[in-house]
Structures are given as structure tokens and as C-alpha cells.
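Report on the following structure.
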Amino acid sequence: MRFDDDDITPLIEGLNDAQREAVTAPPEHRLVLAGAGSGKTRVLVHRVAWLISVENTSPHSVLAVTFTNKAAAEMRHRLELLLDMPVRALWVGTFHGIAHRMLRLHHKEARLHQNFQIMDSDDQLRFIKRVLRGLDLPEDRWPPKTVTGWINAQKEEARRPEDFDDRGDFSQRQLVRIYSAYHNACEQAGLVDFAELLLRAFELCRDDPAIRQHYRSRFRHILVDEFQDTNTLQYKWLRVLAGDSGKLFVVGDDDQSVYSWRGARVENIVKFTRDFPGNEVVRLEQNYRSSGTILKAANGLIARNSERMGKQLWTDAGDGESIQLYAAFNDLDECDFVVSRIREAHERGTPLQDMAILYRSNAQSRVLEEGLIRARLAYRIYGGLRFFERMEIRDALAYLRLIGNRDDDPAFERVVNTPTRGIGNTTMERLRAVAREQGVSLWNAAKTGASALGRSAGNVALFQDLVDRLAREAEGQALGVVMDRVIEQSGLREHYRKEKGEQAEARLENLDELVTAARSFEDSAEDDLPPMTSFLTHAALEAGERQAGEGEDCVQLMTLHAAKGLEFPTVFMVGLEEGLFPHVRAVQEGNIEEERRLCYVGITRSRRQLYLSYAELRRLHGQEQVCMPSRFLREIPSECVLETRPRSGTSRPAFAPRSAGLGSRFAGEPPRNGLKLGAHVRHPRFGEGVITAFDGEGDRGRVEVSFRDVGSKWLILSLAKLEAV
DNA sequence: GCAGTCGTCATTTTT
DNA sequence: TGACGACTGC
């Protein structure tokens, strides 16, 4: 170890009191409530280092779990920097990665195919469609997306088909039937979906005493990142793993829980304090990221939530710049504002990559994108397809999967006719019928039931010969060579060469890149898996970076969800309108608190300058809609915010503390003179327009109307002869 | 098997 | 508005 017993300086150096308390806590259960930007990863990393160097814990006894590969890689990297040595014995990984590792090690006990492969969401959806067809259930009555969603939700609650009794309603009984059929199909094909990885690993630890004992005595310390995002199954698994003696050190922030819709349970934080006795809560509230003003805004907003563990961010940095609010006329105006502020900042020397535009839903990116293109500003949108999700990559990998396992039906379906080999729908339907009747895979059905296939039987046989030949030639060959041959001999390369358009070129390049990627797995002895299995697992579990353009200096565009965990000197949060943010759906579902947390996440992404904006009119689904400013704007302490105009930069306080003033622009205000925000009105001289704001009350009350022909005007409400249209 | 057309729908996303 | 899937006709 690098540290002598008496020199623990590097481990606690530079930590604040709360961080130090967490890092040096006695080896008991701990819950660390880590506010945004409070040095959470630092605490995790130092805690592991502390356990190893001071508590003399073997790296072998430590398990650190994260949600994303990125977080896992970051943790391992920083840990090795701190300890100044590689820590291979230490298990650091995502929930899925760790579960996968266990299942590979104990595939027999888990009753899994030795060569089992991981099926991603897309495969799962296709597979479910086939199961539905097999059960004669129409897709319009049983939407595949809904069905997979339901099945995944059951798995996340650790429920198996046999856990349901017959008393459910018809719909539920059918879903259970589908779940069951899907499960059998997966078993037969040797496939495991994402949720199954976790559930299988949980069941393995729960039901196999020897394995449970093995891991319990091995993992003395389990550390969990982003604990507020754990789902029921992950929580159960942690409980089983920890047993009575394993110590859990969990880090999370209830205020940043924004994934309830995909099964995350914030309640796990509270549950943790009950289920793991002796734990103490450490709060990390000092923020090292944002200015005082930004933190004040964030604190003020999140204080509106009722169900909180309670936390108040603070900084010893100064107040910094005011938050600027821009009330745009419409979405284009909002875009112009953002773009011109970016241009100005860029001209003053701010790198583009220091600026991010955050929005609630992906659809909002289009207008912004167009604006940035017009202004010739480089940008990068997070989201979209990742490398291993591309069509051509998935095609090529499907051949590889078939080489490893002929019973992989989703892979078979994917490439049996890609490139086209005269095996159409009719043939496939027959083949599926045979497979269903005989209870075998498509591959075997094609072998034994060729007679039922009619004219196309020869084509199917040719396809099978191809796969067999590729498999034979793959023996003893390096993975890169195999991959290249697969792409060439399957005809995929030719297929995409013939495809027209500029996309085709990119696809060919991607295929070349795939060969390169395969090569890098040739001697990956790391996980003791055959290179091909290792490669396919990597493709499924770590689908790669989203989009290229990494190195370039460009403005970052992403959803608020995608921004979680990131930070930028300058942040633009756009579309702060009722219905958009908070989103209507969330309002309907009564999930305002999560939307508010999302807003909190957005605000706290910003280091120095935060811009907020909303549009009074927005084009949504092809329709121009009148929007009211988001309630969140009202909830941010008014002294933090200045309302700004596009060019001049002259600002005035946006909201008088509680009374009238501009505050009355906001949601929930009563209509004046029978007119309300967004109402269409007619003026004798100015023509038709829309009410966009009120100011003051009674005789002195003013109204802002955006006229169709003459633009926006402020009028005295009692004098203006406005009539509703 | 494929291109064109029509109808429907419309948060958020990692593994 | 526009993306995507199902359907139709060649």
C-alpha cells in the first residue's frame, strides 16, 4: 500500500468536515446525502481508498456499484490515481455489469446456457412481437412496448409469472401468459434481457446458499452510487448481498431523483435508514460548483417539495452573476435570444463547449439546432443512436451471435434476409409455425422442417450453409479476422456499398470501425471469457458513446435528464412553460415534485451563469399554442433573477416579492376584466392579437397584447377597447 | 420485395 | 409539424 499507517494525509487532504466524516467513518452502514456538486464521487473514491489503506480491507472484499459505465470507469480511474496502483481485485461496475459477471461465473447454478447472450431493448421488443404472434394476440390490443414495459416492471419487482395467481383480471392474466411464453422463448434461445440479468443474479444469491455465503463473506463492503436511482430489485439484491455483516456505504441525493418512471424508488433512501440499523446519515451540503445566487435559486425552488430528507446547499464562493430570465414572444424568439447570447459570449472568449442548452423534451432541440446552424455555431446534441445501436452494426453482430449460438432466434430473424436472399414473410411465417409446433429454434425448424417451406427452402439452406461455413472458418481465428469475414461473406459490405446516399458511406466506415473494435477484444483475458462473448457482451452492455464530434469545441444540447451529473459554466434552460416544463403528463399524473427536482437538477448544472427562458407562444405538434410561464419561475426566489431584454442587456427585477408587478404574468392568476392570459382579443386600431401579460390591477392595470400585424403593445386595461374574439 | 401513401401519435433513458 | 409504422399496389 502506498500509505504508511501514520500517513493518511493524501486520503483526507482537501476534504471538508462532512466529506471527511463520511470517508473516515467506522466500518458501519452509512448513508451519504450528497447534494449537487458536493464532491460525491470524491467521497466514494476516498472511502474505498480509506477502507483499503487504513482499515486494511482487501480490495478483494470491496464491491462498488454504479448505474452507468461512465461512472464506473471514472471511479476506477480516480481510485487508481489516488492509490497509485491498479486495483484489479476490486469489483467496480454497473449493476448490470456485476450481475452479468456473477451469472457468467455461475451459469450452471443460475441454470443459464453456457453461451448465453444479452438481449438489448430493441431485441427484446422484436422478440416480444414474435411471442405475441405465436399466442395469436393482436398488436393493437397488446402493444409490444406496453407489454415489454410491463414485463420489465414485473422483473424489477422480482416477480415471476408463477408469483401471480389466477385471480387477476383478464388483462393481467394475459400479460402473465405472455410473460411466461416470453420467458420460455428466452430460455430456449439462450438470451437474457437487461432486467433478467439483475433478477437472475438476485435469485442466484437469494436461492443458492453456497453462492450467497461465498459473496457475503467476500464482500465486506458494498458501496453504491446514485442510490436514489435504485429500483426495488436492486435494493433487494443489495440486501441479500450484504446479509448481516456486509457494510453498505450508499451515496445519493433524494433531490435529484428524476427516474421514478423507469422504476427508481427514492423511498429506498428512507428504507435504507430503517433496514440497515446502526447507520448514520452524513450530509454533504457544501457546493463547489455554482455561485451563491444559483444555489439560492436551487434551494428556494426545491424547498417547495414536501417529501425531502432535507438539505441546504451553500458555498463560500461569492454570489456571482444574477440569473437572467428572458420572456420570449415565441419559440423562435427564444432561440434567437439563446443564440445571440452564445455568440456574444463566444466573441468575448467563452469556449462554445462551456455553454449548454438544456430542455425538457427532445423535440425542442430542432428549433435551437436550426438557429445554431444559421449562426454558424458548432453544436453537439446528446442523444440519438450510439455506435452499437446502429443498424449495420447490429446486423453484423447478429451473424456473430448466430456463429456462437444457432438458437439465437432474434439474431436469426434479423439477418436471415439481410442482405435479401429471397426469404420473405411467407417463408418466415411458415418457419415460425414449424418452430412453434416443434418447440425448437428457428434454426432447427429450418433444418428439420424444410419440406414445409416450399420454394424458399433452398434459400434458407444456403443461409444456414453460410453461417455454418463462417462458424467453421472462425475456429482458431482472431476475432478481428472473423468479424471482417462475416461482414464480407455475409454480403453485408456489398449490401451497404450498393445503398445510396451519404449515409451509406458512414455505414461502411462504421463496419470498418467494428472490425477494429473486434480486434481490440482479441486478447481481453480480463474477464476470462472467449473474445467473442466478451465482445458481444460489451456491445450489449456498453453501447458506446453517443455521436462523434467529441473533441470539437461546440455548444452542448441535451435534455435535462441527460444533463444530470454534468456541469457547465453557462447554462441555458429553455422552455420554462406550463405544460412543457412541468410537462402536462407529469401534471396529470400528479408528479410535480419530480419535475421540480428535474428543474433543480437543471439549475445546479450551472457554474457561473444561468439563463432561463420561456415563450409566450410555442409551436407544438404543428400547432401554435399560447403558453403560461412555468410555475417554477415563480418558485425561484425573485431576488436571484433579473428579467432581461435581448440586445441591450438592461435588466429590471423580474418579480416583485408577492404583489402585482410582473409576477402576475404567472400561472394561476385570475382573469382581469373578463380577459385572461392567452385570450384572443381585437382592438379597434391594432387589430387582432393575443394577451401575453398583465401588469398591475384596477384602473391602472395594464395589459400586453401581441398583435398579429403591429407587434406587441402595452395598453391601459380600463381604456383600451379590447373585445374577446 | 419494395416504394409510396396514409394514419397516428407525440416526456424523460440506462443497462 | 414530422417521424414512424402499417398497409397497399405493382
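For the numbers below, each heavy atom of this structure counts, side chains included, while hydrogens, waters and symmetry mates do not. In this text the structure is predicted, and so the values were computed from the model without any measurement. Numbers restart at 1 for each chain; the letters A, B, ... are given by sequence-line order, proteins then strands.
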Flag for Ser630(A)-Glu577(A): side-chain donor and acceptor within less than 3.5 Å: no
Distance in Å, Arg101(A) CZ paired with Thr94(A) OG1, rounded so as to fall on 0.5 Å steps: 11.0 Å
Nearest-angstrom distance from the residue atom [atom1] of [X] to [atom2] of [N]:
X	N	atom1	atom2	value
Arg585(A)	dC9(B)	CZ	C1'	10 Å
Leu580(A)	dT11(B)	CG	P	10 Å
Asp331(A)	dG2(C)	CG	P	12 Å
Glu578(A)	dT11(B)	CD	C1'	15 Å
Glu369(A)	dG2(C)	CD	P	13 Å
Leu132(A)	dA6(C)	CG	P	12 Å
Gln364(A)	dG2(C)	CD	P	16 Å

Using the six-membered ring of Tyr600(A), assess whether NZ or CZ of Arg597(A) lies under 6.0 Å from its centre and within 45 degrees of the ring axis. no
Given the ring of Phe116(A), does Arg200(A) sit roughly above its face, with NZ or CZ under 6.0 Å from the centre of the six-membered ring and within 45° of the axis? no
Above 12 or not: heavy atoms from other molecules or residues under 6.0 Å from CZ of Arg111(A)? no
Report the relative orientation of the aromatic rings in Tyr611(A) and Phe572(A); use parallel for angles under 30°, tilted for 30 to 60°, perpendicular for over 60°. parallel
Of Thr420(A) and His621(A), the one whose closest DNA chain B nucleotide lies more 5': Thr420(A)
NA contact type, [X], heavy-atom cut-off 4.0 Å: base, sugar-phosphate, or nothing?
X	result
Glu594(A)	nothing
Asn417(A)	sugar-phosphate
Glu589(A)	base
Leu358(A)	nothing

What form does the base of dT11(B) take, syn (within 90° of 0) or anti? syn
SB check Arg631(A) Glu578(A) (cutoff 4.0 Å): yes
At less than 4.0 Å, is any side-chain N or O atom of Asn425(A) found next to OP1 or OP2 of dG1(B)? Yes or no. no
dG1(B) phosphate, OP1 or OP2, under 4.0 Å from Arg421(A) side-chain N/O: no
Pairs under 3.5 angstrom, nitrogen or oxygen only, protein versus nucleotides 13-15 of chain B, please.
residue, atom, partner, partner atom, Å
dT13(B), OP1, Thr559(A), OG1, 2.7
dT13(B), OP2, Asn362(A), ND2, 3.4
dT13(B), O4', Arg262(A), NH1, 3.4
dT14(B), OP2, Arg546(A), NH2, 2.5
dT14(B), O4', Arg262(A), NH1, 3.4
dT15(B), OP1, Asn69(A), N, 2.8
dT15(B), OP1, Asn69(A), ND2, 3.4
dT15(B), OP2, Arg386(A), NH1, 3.2
dT15(B), O2, His96(A), NE2, 3.3
dT15(B), O4, Ser121(A), OG, 2.8

Distance between C1' atoms of dA6(C) and dT11(B) (Å, rounded): 25 Å
Provide the distance between the two P atoms, one in dT12(B) and one in dG5(C), to the nearest whole Å. 16 Å
Does Arg360(A) make a side-chain donor-acceptor contact with the base of dT12(B), cut-off 3.5 Å? yes
